[in-house]
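In what follows, every heavy atom counts, from backbone to side chain, and hydrogens, waters and symmetry copies are set aside.
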Amino acid sequence: IIRRVTIDEARHAAFGFHSLKRQLPRLTAAERDQLEDWTFDILECLFNSSGKGMTELLGAKYGLDPARLLRGTIRSDGWKLSQMYLYNHTVLPNLKNLGLLTERTRKGYVGLGLLFDS
């Protein structure tokens, strides 16, 4: 089941990538900037909430404050490294290939810890 779900999700991602690749040249510079900023905002939300379900479950199980546990988790070096690997595997390379990760927004991704400052 997991293998099939993975294949299905890969198809969704590929469809989105190829659709964007065709549509992006039609956008104005202002529209591209807006889409680039929106993309960063979405990834920032995902990055900062990706451990929420895990910390709520563990917090309740062990009598810990889930919000405090989440804050500690997302600030840990191990968490940041795992997220960096996850996002750098496909998401950020695809955004760069599409032109939605530029020098203008790179500093935001570096600030999140998803890219190294180079």
Side-chain angles (χ1 to χ4, degrees):
I1 290 173
I2 292 173
R3 184 178 64 78
R4 289 185 181 200
V5 167
T6 303
I7 290 169
D8 189 50
E9 290 306 314
R11 285 187 190 130
H12 295 158
F15 174 79
F17 177 86
H18 291 293
S19 295
L20 276 170
K21 196 164 186 87
R22 282 193 308 272
Q23 295 301 318
L24 285 169
R26 298 178 180 156
L27 299 180
T28 66
E31 290 170 329
R32 285 183 68 89
D33 285 350
Q34 184 179 14
L35 182 57
E36 186 179 345
D37 292 339
W38 180 83
T39 302
F40 173 79
D41 291 344
I42 293 296
L43 289 177
E44 182 180 32
C45 288
L46 287 172
F47 175 76
N48 286 323
S49 66
S50 59
K52 192 172 187 304
M54 173 191 68
T55 56
E56 286 178 352
L57 178 68
L58 292 174
K61 183 175 181 178
Y62 294 105
L64 302 170
D65 176 18
R68 188 172 177 197
L69 184 57
L70 178 60
R71 283 190 305 273
T73 299
I74 65 175
R75 290 179 181 149
S76 74
D77 290 339
W79 179 259
K80 288 177 183 177
L81 188 60
S82 71
Q83 295 301 295
M84 181 182 278
Y85 174 78
L86 176 68
Y87 284 88
N88 278 277
H89 180 67
T90 53
V91 176
L92 296 178
N94 282 340
L95 291 178
K96 191 171 184 178
N97 189 3
L98 289 167
L100 293 174
L101 193 168
T102 65
E103 287 305 314
R104 193 176 66 77
T105 54
R106 180 178 173 72
K107 64 181 177 256
Y109 289 100
V110 170
L112 279 178
L114 291 176
L115 287 174
F116 288 118
D117 194 14
S118 56

Open item on the list: Working note: Thr39 + Leu98, criterion side chain to side chain contact (heavy atoms under 4.5 Å, CB included); need CA distance, chi angles, decisive distance, verdict.
Closed with: CA-CA 12 Å; Thr39 302; Leu98 289 167; over 6 Å; no
Open item on the list: For Asp8, I'd like to know if atom CG has over 12 heavy atoms of other residues, nucleotides or ligands within 6.0 Å.
Closed with: yes
Which heavy atom of [X] sits nearest to which heavy atom of [Y], and what is that distance?
X      : Y     : result
Pro66  : Glu56 : CB-CA, 3.8 Å
Arg104 : Glu36 : NH2-OE1, 3.4 Å
Phe47  : Trp79 : O-NE1, 4.3 Å
Leu100 : Arg32 : CD2-O, 4.4 Å

Donor-acceptor contact present, side-chain [X] to main-chain [Y], <3.5 Å:
X      : Y      : result
Asn88  : Leu114 : yes
Thr105 : Gly108 : no
Thr73  : Leu69  : yes

Heavy-atom side-chain contact between [X] and [Y] under 4.5 Å:
X      : Y     : result
Gln34  : Leu27 : no
Lys96  : Leu92 : no
Leu112 : Leu43 : no
Leu95  : Phe40 : no

Quick one: [atom1] on [X] to [atom2] on [Y], what's the gap to the nearest 0.5 Å?
X     : Y      : atom1 : atom2 : answer
Leu20 : Asn94  : CG    : CG    : 10.0 Å
Leu58 : Leu70  : CG    : CG    : 11.5 Å
Asp33 : Thr102 : CG    : OG1   : 7.0 Å
Leu81 : Gln83  : CG    : CD    : 10.0 Å
Arg11 : Thr6   : CZ    : OG1   : 11.5 Å

Task: ILVMFWY network linking Leu24 to Ile42, side-chain heavy atoms under 4.5 angstrom - done: yes
- [ ] Examine Met54 and Tyr62 and state if one hydrophobic cluster contains both, with Ile, Leu, Val, Met, Phe, Trp and Tyr joined whenever side-chain heavy atoms are less than 4.5 Å apart.
- [x] yes
